2 protein chains.
Amino acid sequence: MTHARPAGQHTVRRHNSALVLGAIAESPGISRAGVAARTGLTKATVSSLVDRLVAASLLTDAGPERRDGPGRRGTSLSLSPRGPHGLGVEIAVDYVSTCLVDLTGAVHHHRTRPCDNRSQPVGRVLTRVAKAVDTALGDAAARGVDVGGVGIAVPGLVETSSGLLRLAPNLGWRDVDLPAELRRRSALPGDGVLVGNEANYAALAELWAGGHDGLRDFVHVSGEIGIGAGIVIEGALFDGTRGFGGELGHFAVSSRGPRCSCGARGCLERLAGQEAILDRAAAPDLDVLVERLEAGERTATAAVRGAADWLGAALSSVLNLLDVPAVVLGGTYARLHPWLADPLASHLSGRVMGAPWSPVSVLRSALGTEAAVRGAAASAVRTIIADPDAYIAPR
Amino acid sequence: MTHARPAGQHTVRRHNSALVLGAIAESPGISRAGVAARTGLTKATVSSLVDRLVAASLLTDAGPERRDGPGRRGTSLSLSPRGPHGLGVEIAVDYVSTCLVDLTGAVHHHRTRPCDNRSQPVGRVLTRVAKAVDTALGDAAARGVDVGGVGIAVPGLVETSSGLLRLAPNLGWRDVDLPAELRRRSALPGDGVLVGNEANYAALAELWAGGHDGLRDFVHVSGEIGIGAGIVIEGALFDGTRGFGGELGHFAVSSRGPRCSCGARGCLERLAGQEAILDRAAAPDLDVLVERLEAGERTATAAVRGAADWLGAALSSVLNLLDVPAVVLGGTYARLHPWLADPLASHLSGRVMGAPWSPVSVLRSALGTEAAVRGAAASAVRTIIADPDAYIAPR
DNA sequence: CCGATAAGTTCAGGCACCAAACTTATTTCC
DNA sequence: GGAAATAAGTTTGGTGCCTGAACTTATCGG
């Protein structure tokens, strides 16, 4: 009820266009008649809507359907791979990456440029990002496809209302208007540019491409330098009032413990973050740690088990609060999944109130470090699928 | 996109009816022209929709508007106090209460029946509840008003999808279908019966009647025997996937601490619940504790400050996760607000990442123990306001 | 008492959906 | 090989709801 808009016939068309496109996205190759049956619209209406979507090159009318039995064959409908693409951009601490995704979710042009963004002034980093954006846009142009939207993933707090990057502690940035800055330095479009937190985008990538068959409610935990959480509920990202949600790293999990950069003590990040685990296992890096875990070394397994306990304490609280039935481990934790999952799961099933009705599952992220860029690109594309008229109308 | 329905003209009318009714609910006494300006609909459309809503006795066409300057006066529109009412029922551990609320939110017939529901078999309690329901329905009938919806508040986990009360630990109940059981024993209507958690309903009551001027995002913490939280975001209740959300009592706030009934250690409930505070202050009950606090006694203030620290640890985590800018203290904590608020606020402002952009406020619940029933009744009424056509159409 | 201003109503027009009849394509069976 | 059966997709007429503009009603200022 924030400020709802009045509805008219155009609203109906808009809603139904999205409904039709969504049905086709969920079951590619479906016929007009199939869409009508699935959506509850009449065949006449579906035909009219599909024509519009085909004209806007969001759909393609591939050949006839294969089916047994009598009757005319329908024409298979699918999202058009020649329709608008989504561009994903990730500004991480030690790299900049871009990727281009079509409506079906297929990835073209994925490219990562390692570089140290921490030690550079903001302007210099933005110039580098702008160059990456222009390269990707050039690629799309060469391919002859339209870029219908852009998603930018950053490791920091992004205010949903303004799109401003409010704070990126690990980059040392504050109050940066990324779309404006990049428009000044590149051919970034003025419309359809999204900015979001990398952990949130990674969670969305997991939702759309993770292959955890139909899982629509989970908490995605990505442990890198910090610990971020992306909360997905009923297939939608939950990011709080201003978009600052999901800050799991500073969960107060103990009253003591080392002092954190945020000023407090007992933050999860300090107790179960990558650095803490490596320290306690006395391992120089993750690869060595994994080797030692595979060899079954005592100190290594104990360190991971300790982290599992702290993580379990934090996540049990999260699950009790949000009533979410699954945890997906990403980032560093994805690699540690074989050793983390069982102790974590047993910790959670003991402490989560809803567990008796549906046990908590602890899954492993299927995507690697690409998750965030891909989520950003896919978000841009999903925006079009969720409201095709917004894309069609201005043209 | 769970399974969206197709839209047609009726959808448009439905949406706009809600829009008009909502505008009038937000600013009672507004004229048709005013509604048109606020909603963006034309005067013609507003007139037509208002006529329908008046015919359904959801709106009243009170006398002319008062205003300076030239021009015809509009007719004041308000929610009709003779329209459908909402019935609230609360089944607590030591009482059953009912209340009747009209569309404007005014409370008629509030009644509380003390009784010990813990020591009685389910059937006996339900019979008592049924009697209370029938009395309230009789009251509504005597008044000549329609009961358009019923909300039932219970201290337990309610599954949103089925409406089943899955578990009420303090009542010792499990898997009870309250609407069905009560329909068997009373004149409870078959349609429009909601079941929900008392903490969630209390939070909603606070949202609608709490008078925290326009506050639409907060966590309502009600400390009684357990500790429950109601999360309100953008004016809507957030209760997780299955409706089990908001379980704050078993937040893992320490790795040690006394063993809890849930089997774990370090649950917030055991460390900062009413019982824990009284124990540490060596006070026999809440009244005595408050007296001692007012007298400034050391043990009493220390006990409350200790609870504030534990609460702060849990709530800072919640606020980081959900990005909500305010905490409302209800139940026991409302009485302790003068002593809890400051330490809690300073704790939170230190640990919440978003605090620099909008300081966290710690408010006191304006409603007493009535909050839950009133929230339940108001929910029933709000359901009608949010979708008047669903109420009008079947008639 | 008239002109200006604003609220509320009436009515033709358009748009999107629906139902039903119709056309087209394919299989099945004689 | 041809007719009946079945199913996909299109065409057409009808209905509901919103809009814009003209119109009626009510009130104030001079």
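Proteins get letters first, then strands, A, B, ... in listed order; numbering begins at 1 in each. The model shown is predicted, which means the values in this text are computed figures rather than measured ones.
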- Message: Is it true that B:Y391 and B:D146 share a donor-acceptor pair across their side chains at a distance under 3.5 Å?
- Response: yes

- Which of the following nucleotides, D:dA8, C:dA19, C:dA7, is nearest to the side chain of A:R67? D:dA8

- Task: May I ask you to check whether B:H109 and B:D139 show a side-chain donor-acceptor distance below 3.5 Å?
- Result: yes

- Query: Checking all strands, does A:A33 fall into the base, sugar-phosphate, or nothing category for heavy-atom contacts under 4.0 angstrom?
  - Reply: sugar-phosphate

- Message: Check this one for me: any side-chain N or O of B:T42 less than 4.0 Å away from OP1 or OP2 of D:dC18?
- Response: no

- When you check the gap from the basic side-chain N to the acidic O, do A:D61 and A:R32 get nearer than 4.0 Å? yes

- Check the distance between D:dT6's C1' and A:K43's NZ and give it to me in whole angstrom. 11 Å

- Determine whether any donor atom in the side chain of A:Q9 lies under 3.5 Å from an acceptor atom in the base of D:dC18, or the reverse, and answer yes or no. no

- Just to confirm, is there a sub-4.0 Å distance from OP1 or OP2 of D:dA7 to any side-chain nitrogen or oxygen of A:R73? no

- Query: OP1, OP2 of D:dC17 versus side-chain N and O of B:N16: anything below 4.0 Å?
  - Reply: no

- Message: Please tell me if B:S31 has a side-chain N or O lying less than 4.0 Å from either OP1 or OP2 of C:dG8.
- Response: yes

- Message: So that I can tick it off, tell me whether A:R52 and A:D389 are bridged by a salt bridge, with the cut-off set at under 4.0 angstrom between side-chain N and carboxylate O.
- Response: yes

- Query: Going by modelled atom types, is there a donor-acceptor pair between the base of C:dA7 and the side chain of B:R72 at under 3.5 Å?
  - Reply: yes

- Taking only side-chain nitrogens and oxygens of B:S47, does any of them come within less than 4.0 Å of OP1 or OP2 of C:dT9? yes

- If you check the B:T45 side chain, which of D:dC18, D:dG16, D:dA26 turns out closest? D:dC18

- For A:R13 and D:dG16, give me the distance from atom CZ to atom P, rounded to whole Å. 21 Å

- Are any of A:T75's side-chain N or O atoms less than 4.0 Å away from OP1 or OP2 of D:dA8? no

- Starting from the 5' end of DNA chain C, give me the residue, A:A44 or A:P70, whose nearest nucleotide shows up first. A:A44

